[in-house]
Amino acid sequence: MAVNNIVKRIQNIMRQDAGVNGDAQRIEQMTWMFFLKVYDTQEETWEYKAYREGKTYVSIIPEELRWRNWAVDEKDGKALTGDALLALVNDRLFPTLKNIEVTRETPRSKAIVKDVFEDINQYMKNGTLLRQVINVINEIEFDDAQDRHLFGDIYEGILKDLQSAGNAGEFYTPRALTDFIVEMLHPHLGEVFGDFTSGTGGFLTSALKYLEPQIKTAEDGKLYQNAVIGQEWKPLPYLLSITNLLLHDVEAPNIRHCDSLANKVTDFTGKDKVDVIGMNPPYGGSTEASVKSNFPMEMRSSETADLFMVLIMYRLKAGGRAGVIVPDGFLFGTDGAKLAIKTKMLKDFNLHTVIRLPGSIFSPYTSIATNILFFDNEKAEDAPEGYSTKGTWFYRLDMPEGYKHFSKTKSMKLEHCNPIKEWWNDRKEIIIDDGNEKSKYFSVEELITGDCNFDLCKFPKDEEEILPPAELLADYYKKRKALDHEIDKTLAEIQRILGIELPQE
């Protein structure tokens, strides 16, 4: 069944409802229904499996509130609609699911129902329109392989709308980018892949896609079920990520609804660490003093992206691999915390590759330039004493031919990463005719001497793009701090050479 217009049809119905205001509410409204529909389909599988084993499956959802028993219209005139449907959803369904009793013994596959509904709302006020939406959703058969596959189109449509309605600092990573990063990290069954700001599950599903062809035996299937873990603080992305993993045949998605920065990083033990990390931490936001206190004093930054970099270093297993998207500010920033974080990375980890990305990767939602840091939790061969990094390769990914910039309608595709893949296994320094460095290797000594300035192999010129005022001010402020630091460093060196002390302000 063609399902790629499902989202538009649902949105058109919801626009008639006085209770739903704006895209964000429409998305939240449709996704809780998608979740219950998908979960009901998954429960059919669990019921059949229990039957084969001579057991009886018991749902955590009361029988009369399971999707199949109130949402399906059998066309016999008995389907709930209007005020009766609204009363069931508002007065029974939501209060019941929000207050399901969950204990330590409750299987994760069941506990996720309460987790999902704890912070989700029901906005619709017209029961007749609600019935119309439910009927559209019921056109999709999630136990049908083709419909299940085509749901990817619906899901991408939801993500684009969510991105349009998103809050500042909340940008969903293009699937081409998550697929590329996962491919470079090369996870394999038996390893655990983590994303501690998992959003809607982009990195996790890219990892599952990469791992699926590796399944050859029943034991491989069990490893696949436990291959990814995530954490997400915001309710709507959390709901989307749980649904996303269910659709990728993960029976008990191991995604926690929590703040990843809420624990002391020094308290993490081996069981908290993972083999592979792929992440796009939120940036542009600031943190409270109570959150900063969870980090070592010298790395207590006000910026969330910085703190997530520290978190990643503390949660990556020995021998583990990470691919992390960071804003330009992290590369050239020289304030105390950034300098300490980057120094720790070079000393304790092997930062082998930095990929400079075109500034319009996340257009039109933000113009902040971003990069990918690839590093391993192991010492590089021949790394100098006191460092795990021997040197770092920088590579600049230019816009593909025929593209002036990426946009909502011309987004990044996986094939646009082919130049990086071709260079990756045959690394060479590349100097463009105009003298600009497209690819270059820097020793760890050069990076340390340069105050850990990773702002190398830059784009030839800044894209002539007007930033939103808040981003423009933040960018100027970071660059001014970096320039002030360089001036202070130069003055200190002159002072040392002359052997004089300048008066302090």
Side-chain angles (χ1 to χ4, degrees), residues 1-14 26-52 57 59-81 85 88-89 93 97 109-110 112-113 116-117 120 122 124 128-162 175 200-201 205 208-209 212 215 221 224-225 239-253:
M1 175 181 294
V3 296
N4 49 331
N5 289 321
I6 290 283
V7 171
K8 285 185 179 178
R9 289 170 59 197
I10 291 173
Q11 288 176 326
N12 287 337
I13 295 169
M14 287 187 184
R26 277 191 282 273
I27 294 161
E28 183 174 346
Q29 183 75 32
M30 76 173 78
T31 47
W32 71 254
M33 288 186 263
F34 275 127
F35 170 78
L36 286 180
K37 167 75 171 170
V38 170
Y39 192 78
D40 194 63
T41 302
Q42 186 63 56
E43 285 197 305
E44 290 177 2
T45 303
W46 294 333
E47 285 169 336
Y48 180 69
K49 189 181 293 184
Y51 171 77
R52 291 279 302 269
Y57 173 81
S59 176
I60 197 168
I61 302 174
E63 194 62 28
E64 70 277 11
L65 297 179
R66 297 174 76 182
W67 181 269
R68 68 190 72 175
N69 294 323
W70 66 268
V72 177
D73 186 352
E74 303 289 357
K75 307 301 180 186
D76 56 3
K78 297 181 181 179
L80 287 175
T81 189
L85 176 60
L88 179 132
V89 170
L93 181 70
L97 300 189
S109 57
K110 294 185 176 183
I112 56 174
V113 176
V116 160
F117 275 84
I120 290 295
Q122 200 292 114
M124 292 187 74
T128 303
L129 294 174
L130 178 58
R131 164 51 61 189
Q132 291 176 25
V133 170
I134 291 169
N135 286 350
V136 172
I137 289 174
N138 276 326
E139 291 178 19
I140 311 169
E141 295 298 335
F142 289 111
D143 53 357
D144 177 87
Q146 187 177 2
D147 273 12
R148 202 176 179 105
H149 173 72
L150 288 173
F151 185 75
D153 295 336
I154 293 179
Y155 197 82
E156 290 301 317
I158 292 173
L159 290 188
K160 285 177 182 175
D161 287 341
L162 183 60
R175 292 296 158 258
T200 55
T205 52
L208 290 169
K209 249 190 334 184
E212 191 174 11
I215 302 173
Y224 178 85
Q225 288 295 320
L239 166 55
L240 282 164
S241 64
I242 291 289
T243 310
N244 204 357
L245 262 63
L246 286 171
L247 285 166
H248 282 77
D249 297 317
V250 176
E251 295 184 2

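Numbering of residues begins at 1 and proceeds along the displayed sequence.
- By the side chain to side chain donor-acceptor pair (under 3.5 Å) test, E47 is found to be paired with R66, R68, residues two or more places apart in sequence or in another chain being considered.
- When all heavy atoms of G221 and I215 are compared, the closest pair comes out as N-CG2, 3.9 Å.
- Between Q132 and T128 the shortest side-chain heavy-atom distance falls below 4.5 Å.
- Scanning all heavy atoms of the two residues, the minimum distance from A71 to N138 falls at O-ND2, 3.1 Å.
- Although no hydrogens or angles enter the test, the distance criterion places no donor-acceptor pair under 3.5 Å between the side chain of N69 and the main chain of L65.
- Every ring-ring contact (aromatic ring centres under 6.0 Å, His included) that F117 has, sequence neighbours left out, goes to F94.
- Annotation: side chain to side chain donor-acceptor pair (under 3.5 Å) contacts of Y51 (sequence neighbours excluded): none.
- How far CG of L88 is from CD of E64: 8.5 Å, rounded to the nearest 0.5 Å.
- Atom CD1 of I10 and atom CD1 of I137 lie 4.5 Å apart (nearest 0.5 Å).
- How far NZ of K37 is from CD1 of I134: 11.0 Å, rounded to the nearest 0.5 Å.
- Between atom CE of residue M30 and atom CD of residue Q11 there is a gap of 4.5 Å, rounded to the nearest 0.5 Å.
- Residues M33 and L130 form a side-chain contact, since some pair of their non-hydrogen atoms from C-beta on lies under 4.5 Å apart.
- Summarising the geometry, atom CG belonging to L36 is positioned 9.0 Å from atom OG1 belonging to T243; distances are rounded to the nearest 0.5 Å.
- Under the side chain to side chain contact (heavy atoms under 4.5 Å, CB included) rule, I242 has a single partner from T200, V250, L247, V116, which is V116.
- Between Y39 and W46, the ring planes lie perpendicular to each other; the angle is over 60°, past the 30° to 60° tilted range.
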Check the pair I61, W67 against side-chain contact (heavy atoms from CB on, under 4.5 Å), reporting the backbone distance first and the verdict last.
-> CA-CA 9 Å; I61 302 174; W67 181 269; over 6 Å; no
side-chain contact (heavy atoms from CB on, under 4.5 Å) between V89 and W32: does it pass, once the steps are laid out?
-> CA-CA 12 Å; V89 170; W32 71 254; 4.0 Å; yes
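- Residues passing the side chain to side chain donor-acceptor pair (under 3.5 Å) test with S59 are E43, sequence neighbours excluded.
- When every heavy atom of G201 is checked against every heavy atom of S241, the shortest pair comes out as N-CB, 3.8 Å.
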Given L208 and E212, is the side-chain contact (heavy atoms from CB on, under 4.5 Å) satisfied, shown in steps?
-> CA-CA 6 Å; L208 290 169; E212 191 174 11; over 6 Å; no
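- A search for side chain to side chain contact (heavy atoms under 4.5 Å, CB included) contacts involving K49 returns E53, E251, not counting sequence neighbours.
- Separating the CG atom in D40 from the CD atom in E44 is a distance of 5.5 Å, to the nearest 0.5 Å.
- Every residue meeting the salt bridge (charged side-chain N to carboxylate O under 4.0 Å, His left out) condition with K75, not counting sequence neighbours, appears here in chain and number order: D73.
- Heavy-atom minimum distance, A252 versus Q225: N-OE1, 4.3 Å.
- Qualifying side chain to side chain donor-acceptor pair (under 3.5 Å) partners for W70, counting only residues two or more places apart in sequence or in other chains: none.
- Within the 4.5 Å cutoff, side-chain heavy atoms of F34 are placed close to those of I140.
- Contacts of Y224 classified as ring-ring contact (aromatic ring centres under 6.0 Å, His included), with partners at least two apart in sequence or in another chain: none.
- At a threshold of 4.5 Å between non-hydrogen side-chain atoms, the residues V133 and Q29 do not count as touching.
- Few gaps surround OH on Y57; more than 12 heavy atoms of other groups in view lie less than 6.0 Å from it.
- Put simply, the side chain of K209 does not reach to within 4.5 Å of the side chain of R175, judged on heavy atoms.
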